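Presented below is the structure to which this report refers.
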Amino acid sequence: MAAPKKPVVGPLVGSVVQGTSSTRFLVFNSKTSELLSHHQVELTQEFPREGWVEQDPKEILQSVYECMARTCEKLRDLNVDTSSIKAVGVSNQRETTVIWDRLTGEPLYNAVVWLDLRTQATVEALSKKIPGNNNFVKSKTGLPLSTYFSAVKLRWMLDNVVHVQKAVEEGRALFGTVDSWLIWSMTGGVNGGVHCTDVTNASRTMLFNIHSLEWDQELCDFFEVPMTILPNVWSSSEIYGLIRGGVLEGVPISGCLGDQSAALVGQMCLQEGQAKNTYGTGCFLLCNTGRKRVFSEHGLLTTVAYKLGKDKPVCYALEGSVAIAGAVVRWLKDNLGIIETAEEIEKLAKQAGTSYGCYFVPAFSGLYAPYWEPSARGIICGLTQFTNKCHIAFAALEAVCFQTREIVEAMNRDCGTPLSHLQVDGGMTNNRILMQLQADILHVPVVKPCMPETTALGAAMAAGAAEGVGVWSLEPESLSGARVERFEPQIQASESENRYATWKKAVRKSMGWVTTPVSGDSTIFSSLPLGFFIVSSMVMLIGARYISDISE
């Protein structure tokens, strides 16, 4: 008879990762950061009209409870005592907007997802109200006026949904991003649920002043949003309330971070100048700027990185986005048919070993940071009779790396201190060819954690370290044990520069293809980087079902 498995020693911490296409629940050992078990549930996305993306808030909530229950079953099968779970953290898709009835607990409308485009007309109308020499919205929030963020989604609901209008008039409506909806529901809902959010999620609403760390009356007046429906803003690491119901009843929810901030914490980027890049449908590069609010002159966003305790200082970040990363692999699979699965691209690229002078600029709907050029279109250039699908696959991976380098360079210029290395996570980092190419093209080391669930780990760290829980240390000496895989540059700096210069030449050739703007283009790009978010959201719509929950 086999000996029983030895019980896991040490307090455990659970982590909800609520993403765009799925929900996961993961449990970590707080002393070793070891992932013990997890469960994932896929979610439905609804597309009622072109450009509209919605989800059912009740399905999202139910998926969290299901993931918790199934993970606890798996832990018991491993002879792990689930009563050792001392806290739960939440990370979530940012900007997705929920509004519900505080008396019934019922959503008043579907969740409007972060990449939804229905608010374009709302954005255009609001942009006309901003004085040309005083963009107070960006100066207070660090964000451009865009369909991306929550305030315009909420404004659309207030303008177009009768149930929402009536509930607001009668004082029954509550607003929140997904974290707020989950925490309110899980801590009791109509029976005393806690209506709160953390500073990272609040900073993505366009209603939050990142200087004062409060909801801003001028912003709320501008968007005509009543402050009474907004959640209380707390730090990213404190006890918000206890779970009421389900397998973890009585366990405190004590950590909350938007997914990209959670990944930053999970990557241990807790010092000024440290950065991480998450490779999903697109790429999200965040650089910790410490207590300084750095406002970009190169198309990046200023956002709250984290506040790990109510008495701890707030830290900020610069954020840059690449629209097309995993989406280019999807394009090669679905549009060209040169691969049958996403994993095949690595085999083709390895077989080629080089692009053989072939360069791919995936400007499918224009160029983004640092160009903001809507007239550009995708090109594959440098072709010869020798070029085959392997070279094109290699060039596609290189394109992801070149685009990342452009964002890194923008960040280096804004921050003033070049990155000494790049920490990475996300589904595409399993592609070793891509990781080596990224190190070669940046000509700095690329560092990948051996435990890839960095978003979940960050939420767990925040929860476990909260005052009143105290089972996870965030002291630097306690965080140095994470195992990583390091990719060093393997080519000369001169070769890296030559390849990058040729890429830039290819980018210039991609410009000017569209001479007559497509309907709406001139408006979309008139207030950059607004254009990036609208166009990149279109691209992300295509790739959303391909990439697992790595970003947003």
Side-chain angles (χ1 to χ4, degrees), residues 277 279-283 285 298-299 320-339 342 345 348-349 352 354-384 386-410 428 431 433-434 437-438 440-442 495-515 517-518 521 524-525 528-529 531-540 542-543 546:
N277 196 32
Y279 294 74
T281 299
C283 292
L285 176 59
H298 304 93
S321 302
V322 170
I324 304 173
V328 76
V329 181
R330 170 79 179 234
W331 185 83
L332 291 176
K333 181 173 75 74
D334 291 349
N335 292 45
L336 290 194
I338 68 173
I339 55 175
I345 193 170
L348 291 183
T354 174
S355 69
Y356 201 77
C358 173
Y359 285 81
F360 191 161
V361 182
F364 297 145
S365 299
L367 285 169
Y368 321 120
Y371 305 102
W372 310 115
E373 180 53 68
S375 71
R377 287 296 178 266
I379 64 170
I380 302 175
C381 57
L383 302 177
T384 70
F386 181 73
T387 306
N388 59 36
K389 64 180 181 179
C390 298
H391 301 122
I392 293 173
F394 193 98
L397 294 182
E398 269 194 321
V400 175
C401 301
F402 286 133
Q403 290 178 105
T404 298
R405 174 164 172 173
E406 290 180 320
I407 298 297
V408 168
E409 288 190 344
M428 288 192 80
N431 187 320
I433 297 292
L434 177 70
L437 279 171
Q438 190 68 87
D440 291 344
I441 288 167
L442 288 175
E495 181 183 347
S496 174
E497 293 303 317
N498 288 339
R499 285 161 64 176
Y500 186 52
T502 307
W503 156 263
K504 292 279 199 179
K505 183 179 178 181
V507 168
R508 289 193 294 273
K509 290 184 180 296
S510 75
M511 296 181 185
W513 285 94
V514 178
T515 54
V518 177
D521 274 0
I524 290 173
F525 284 88
L528 294 170
F532 162 73
F533 292 109
I534 292 176
V535 175
S536 66
S537 293
M538 294 175 181
V539 175
M540 289 178 184
I542 298 171
Y546 157 60

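All of these numbers come straight from a predicted model, not from anything done at the bench.
Put simply, CD1 on I433 and CD1 on I345 are 11.0 Å apart, with the number rounded to the nearest 0.5 Å. Note that the OH atom of Y359 and the OG atom of S510 stand 14.5 Å from one another [nearest 0.5 Å]. Considering OG of S355 and CH2 of W503, their distance stands at 11.5 Å, rounded to 0.5 Å. To the nearest 0.5 Å, atoms CZ (R330) and CG (N335) are separated by 9.0 Å. Atom CG of L434 is separated from atom CE of M428 by 5.0 Å, given to the nearest 0.5 angstrom. If you take CD1 on I407 and CZ on F402, they are separated by 15.0 Å, rounding to the nearest 0.5 Å.
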Review item, side-chain donor-acceptor pairs of residues 390-400, under 3.5 Å, at least two apart:
from : atom 1 : to   : atom 2 : distance (Å)
H391 : ND1    : N388 : N      : 3.0
H391 : ND1    : N388 : OD1    : 3.3
E398 : OE2    : R499 : NE     : 3.2
E398 : OE2    : R499 : NH2    : 2.5

Start with the C-alpha gap between Y500 and E406, add the side-chain angles, then the distance that decides, and say whether side-chain contact (heavy atoms from CB on, under 4.5 Å) holds. CA-CA 10 Å; Y500 186 52; E406 290 180 320; 3.2 Å; yes
From CA spacing to verdict: side-chain contact (heavy atoms from CB on, under 4.5 Å), I339, V329: CA-CA 9 Å; I339 55 175; V329 181; 3.9 Å; yes
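F360 meets the ring pair (Phe, Tyr, Trp, His ring centres under 6.0 Å) test with W331; sequence neighbours excluded. The side-chain hydrogen bond (donor to acceptor under 3.5 Å, both in side chains) search around N498 returns none, not counting sequence neighbours. By the side-chain hydrogen bond (donor to acceptor under 3.5 Å, both in side chains) test, D440 is found to be paired with Q436, residues two or more places apart in sequence or in another chain being considered.
The shortest side-chain heavy-atom distance between C358 and L383 falls under the 4.5 Å cut-off.
In terms of heavy atoms, V507 sits closest to V361 at N-CG2, 4.0 Å. Taking both residues in full, the closest heavy atoms of P362 and Q403 are given as CG-NE2, 3.8 Å, listed atom of the first, atom of the second, then distance. Here the closest heavy-atom approach between residue K333 and residue A342 is recorded as CD-N, 4.3 Å.
A donor-acceptor contact shorter than 3.5 Å is absent between the side chain of R377 and the backbone of W513.
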